[in-house]
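Data block below; observations after.
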Amino acid sequence: MTDQAPAPYAGPKRVLSGVQPTGDLHLGNYLGALVKFARLQHETQTFIFVADLHALTEWVDPKKLKSNVREITAAYLATGLDPKVATIFAQSAVPEHAELAWVFNCVARLGWLDRMTQFKDKAGKHKERSSVGLYTYPVLQAADILVYRATHVPVGEDQRQHLELTRDIAQKFNHDFEAPGFFPLPEALTQGPGARIMSLRDGSVKMSKSDPSDASRINLTDDADAIAQKVRKARTDADVLPEKVDDLAGRPEAQNLVGVYAALAGKTSQEVLDEYAGQGFGAFKPKLADLAVSVMGPIGGEMRRLLADPAEIDRILGAGAERARAVAAPVLADVKRIVGYWAG
Ligand code: TYM
């Protein structure tokens, strides 16, 4: 045990989230995560990073990794994150994440990780050929969050299970090392119609970077024509839109497009139905396409403008990493003391 009782977390609400630099960002990433980052930064301390340590869990071309990190950073900036307000950085520039992850590897139980559905999805039939990193990835995610003692994590629905694991790890650490309340139990912020955006080709699977069909998603870098065409070609059914949200049940594609419209317009799905009930997709899709182009179109343009000056992006990431380390280092130092490390 420690000489001094560690102080429970009593700081302000603190937001943290991250995105992996693998492939193009899409509408699901935007509505499930990025749009919330920009909003939350004005409410409280906000830490947003690019998860380049996580990217290594699957093969990524070393020549591309750094430019992918810059691209995600450009997306953060183009969707409204302000580096003077939020702390924006690359995970690999803050070694405290990986150091805390080791301690958490010894706190988390194998049985907990065995239940992670994302590992099962990503590993598929080739579990034994997957990297060990892919398996323990949610433990690193817990360290990402708790090394800042973050209290709120804006993410899409698919990250909910990882957040539950983070809470389990925080709770077990606090209990086993007799450090009550040292780590807060962070909450996932998944509210709103954008939390689970589905593929435009199949309403039963989520929109994803790894879907081989580019028509299944709207990329942040798509131009206006591509966006409009993908919306026009999105799979739908032949019925008109109903009056009540409950009546969208069993119509996954219709439910998804109404949800996308609602999230882009900052409305609820019911408000969208109040406007479009009784109309078919022939009328609804052009309206959705116009809305998507007006919201998403400028983001791609701004990303291209920002990416033309990589040195400025690197400067922002460098300054963000310094600020992030100033918060993470004392937390890690406390952890080392709490667990009794010689170097603690
Ligand atoms: P990643 O890179 O897969 O996705 C980034 C964010 O986008 C959300 N998202 C979606 N939201 C709605 N509909 C969809 N179809 C959709 N697809 C993706 C994800 O939920 C996520 O919020 N493990 C994380 C990265 C990470 C992280 C963290 C997040 C690493 N450490 C700590 C939060 C806190 C991931 O792979 O996200």
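For the numbers below, each heavy atom of this structure counts, side chains included, while hydrogens, waters and symmetry mates do not. Remember, it's 1-based here, ligands and their atoms both numbered in the order they're listed.
- Contacts between Phe49 and ligand 1 below 4.0 angstrom, taking non-hydrogen atoms only, involve the side chain exclusively.
- Below 4.0 Å from some heavy atom of Gly32 lie the following atoms of ligand 1, by number and element: 11 (N), 12 (C).
- In this pair, Phe177 and Phe173 present their aromatic rings tilted. The plane angle is within the 30 to 60° band.
- Nearest-heavy-atom check against atom 5 (C) of ligand 1 across Asn29, Asp144, Ile48 picks out Asn29.
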Step by step, work out the ring pair (Phe, Tyr, Trp, His ring centres under 6.0 Å) result for Tyr148 and His97. CA-CA 9 Å; Tyr148 302 95; His97 290 231; 5.4 Å; yes

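- Residue-to-ligand polar distances place Gln141 within reach of ligand 1: an N/O pair is separated by less than 3.5 Å.
- No cation-pi contact links Arg323 to Phe47, judged by a cut-off of 6.0 Å to the six-membered ring centre and 45° from its axis.
- Under a 4.0 Å criterion applied to the non-hydrogen atoms of Ile145, ligand 1 contributes the atoms 32 (C), 34 (C).
- Per-residue contacts place Asp158 under 4.0 angstrom from the following atoms of ligand 1 (heavy atoms of the residue considered): 18 (C), 19 (C), 20 (O).
- Among Pro154, Ser208, Gly28, Ser210, the residue whose heavy atom lies closest to atom 14 (C) of ligand 1 is Gly28.
- In terms of protein heavy-atom proximity, atom 17 (N) of ligand 1 is closest to His26 CE1, 3.6 Å.
- Remark: Lys287 does not engage Glu275 in a salt bridge, criterion side-chain N to carboxylate O under 4.0 Å.
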Intermediate values then yes/no, side chain to side chain contact (heavy atoms under 4.5 Å, CB included), Glu71 and Thr221: CA-CA 10 Å; Glu71 190 166 323; Thr221 46; 4.2 Å; yes

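- Between His54 and Tyr137, the ring planes lie perpendicular to each other; the angle is over 60°, past the 30° to 60° tilted range.
- Set against the non-hydrogen atoms of Ala33, the atoms of ligand 1 under 4.0 Å away are 6 (C), 7 (O), 22 (O).
- The nearest non-hydrogen atom to atom 21 (C) of ligand 1, considering only Gln159, Gln91, Met198, comes from Gln159.
- Within ligand 1, counting atoms from 1 as listed, the ones closer than 4.0 Å to a heavy atom of Val153 are 33 (C), 34 (C).
- A salt bridge is defined here as a Lys NZ or Arg NE, NH1 or NH2 lying under 4.0 Å from an Asp or Glu carboxylate O, and Arg325 with Glu322 fails to meet this definition.
- Salt bridge absent: Lys206 and Glu157 never bring a charged side-chain N and a carboxylate O closer than 4.0 Å.
- The ligand atoms of ligand 1 that sit less than 4.0 angstrom from a heavy atom of Ala195 are 11 (N), 12 (C), 13 (N).
- Classification of Arg167 and Glu164 as a salt-bridged pair fails, no side-chain N sitting under 4.0 Å from a carboxylate O.
- The protein heavy-atom contact nearest to atom 15 (N) of ligand 1 is Ile197 O, 2.8 Å.
- Within ligand 1, the atoms closer than 4.0 Å to a non-hydrogen atom of Lys209 are 2 (O), numbered from 1 in the order shown.
- Atoms of ligand 1 found under 4.0 Å from any heavy atom of Gln20 (numbered from 1 in listed order, with element): 2 (O), 36 (O).
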